[in-house]
S.K.: 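Starting off with a structure, shown below.
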Amino acid sequence: MPTATYGDTTVPVDDEGFFTDPGRWTEPMAEQIAREAGIEALTDRHWTVIRFMREQYTTKGTGPTVRVLGKTSGVTVKELYQLFPKGPAKTAAKIAGIPKPRGCI
Amino acid sequence: MGKHIVILGSGTAGTLTANRLQRDYGERDLRITVVDQNDDHVYQPGLLFVPFGLARPDHLVRSRPRQLHASVDYKSARIERADLDERTVYLAGGIRLSYDVLVVATGARLLPEETEGLTGPGWGENVFTFYDLPGAVGLHHALERFDGGRVVIDVADLPLKCPVAPLEFAFLADWYFQRRGIRDKVRLTYATPLDGAFTKPVAAKALGGLLAEKDIELVTEFTLGEVDGKGGRLVSYDDREVPFDLAVVVPLHGGAEYVGRSEGLGDELDFVPVDPHTLQHPDRPEVFAIGDAAGLPASKAGSVAHFEGEVLVHNIGSFLAGRPLDASFDGHANCFVETGFHKALLIDFNYDTEPLPGHFPGPVGLPLLKESHAAHLGKLAFEWLYWHSLLPGRELPGIGSAMPEHGKHHVRT
């Protein structure tokens, strides 16, 4: 199992760097994960999405799709792409320390 | 008077559930009522073939009530809403149905108007979907007129019914234009919000390989933001563009409208959240959902509805008898993927196991993830099985709800 180190803490992640144990995530880790994903600084709007991702994961067992995020997080799909240009659902899930959203095919 | 089971929807899932319940518990004096908003049952797997002139539209439609066991009560009415506290369903015309068990089986609805421009200029002219019968027929005429240019097949967003159908469309388009002798004048593109041709790595590699082999361009992580029919452009939310002369778009899907009007029943897209193994609503033990209507991390496909049916009917029996729900759905899906030139390949997977190579249903059987003429014949034979075995709720010989493990090769990616 691959690992990633944030600050002094080493956590298990999957092959693409998503947390496999969301309980190991802490808020200070988010800034570093964001920088590695190409986002320089996390704004309040980013945090709205990140907290929403974790809440959805806790209640539903998987992160939401972009469409659901746009309908329910209070942030429109257009703004989501401005905040997380390389794909909001995946990038926000990675920064929020939850597993890669399952593609409900 | 026995317990009353109300099933909303008489597509694949609702019909087979009603017939299985009747067969398994009918003698216990269960009353079963099925409601649908129209009487036309469309064989949805056939929609794929209509644009290419390989299926006649009028052959795909049969009467909904005719597919139900004679003792099942059928009501044709618009569903207004379900009141979960009152355990009552309200139908148009002032009809009220009280239930002991409610089964939501109203499938998925296409929401093309949710994507900017999709139903604007060009809709029905150079922008189509084949996911309903009028769209498939319109696309058939458009393909007949098409004599060269850029064709793009685009999946707007997830989840979608029959996730392999857009891929099949791309493969069949390659075959269709070759047969017409104009393949060299057609540029085919497949655009998807996924990061590969399919969700799981082994299948994504195999199906992506087939796209490359057939010279079909693959555009990944493309979430459709806008359709510009006049300008012939699909624009993603991250401002990438795919030009087209003919666009075949699979629109966003949601659950049935009445789900949104029924407090506490559905999620933000009007799908009904249920336990992925028991199919029971998390807050309402007397409510179950099956098939495309269910908000599950499983494929929205007829085979899934079939496998869920076995589990659901067992669990409804346990629920009515006050026993724990001991039947567990594993997410089993099974799809024939038509690849053109009288070939198809078969994929078989569940929540935990991705589509893998090998054979189905056992070490001797149809090859998995590999094109064969046998799988094409299997796909064609399925239509007869659908009407005569699957909808009546009979078991398909050798094919059960649980995904078979033997015969599969686990591979490292």
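To find a chain, count down the sequence lines: A is the first, B the second, and so on, and within it residues start at 1.
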S.K.: Could you tell me which portion of B:Asp157 (side chain, backbone, both or neither) has an atom closer than 4.5 angstrom to a non-hydrogen atom of chain A?
M.R.: side chain
S.K.: Where along residues 287-295 of chain B does a heavy atom come under 4.5 Å of chain A, listed by residue number?
M.R.: none
S.K.: What distance separates B:Glu268 CD from A:Thr65 OG1, expressed to the nearest 0.5 Å?
M.R.: 8.0 Å
S.K.: List the residues meeting side-chain hydrogen bond (donor to acceptor under 3.5 Å, both in side chains) with B:Arg284, not counting sequence neighbours, and say none if there are none.
M.R.: B:Asp85
S.K.: Do NZ/NE/NH1/NH2 and the carboxylate oxygens of B:Asp195 and A:Lys90 come within less than 4.0 Å?
M.R.: yes
S.K.: Which of the residues B:Leu269, B:Asp239, B:Leu252 is involved in the greatest number of heavy-atom pairs with chain A at under 4.5 angstrom?
M.R.: B:Leu252
S.K.: Filter on side-chain hydrogen bond (donor to acceptor under 3.5 Å, both in side chains), then keep only pairs touching residues 32-46 of chain A, sequence neighbours left out; what's left?
M.R.: A:Gln32-A:Glu36, A:Thr43-A:His46, A:Arg45-A:Glu79
S.K.: Looking at B:Glu263, I want to see if its CD is surrounded by more than 12 non-hydrogen atoms of other residues, nucleotides or ligands under 6.0 Å.
M.R.: no
S.K.: Can you name the nearest heavy-atom pair linking B:Thr115 to A:Arg67, along with the distance?
M.R.: OG1-NH2, 4.1 Å
S.K.: Anything in residues 5-13 of chain A with a heavy-atom distance to chain B below 4.5 Å? Please list those residues in order.
M.R.: none
S.K.: For B:Ser236 and A:Tyr81, which I'm curious about, is there any donor-acceptor pair between the side chains at under 3.5 Å?
M.R.: no
S.K.: Check this for me, if you would: do B:Glu226 and A:Lys78 make a salt bridge, where the nitrogen-to-carboxylate-oxygen distance has to be below 4.0 angstrom?
M.R.: no
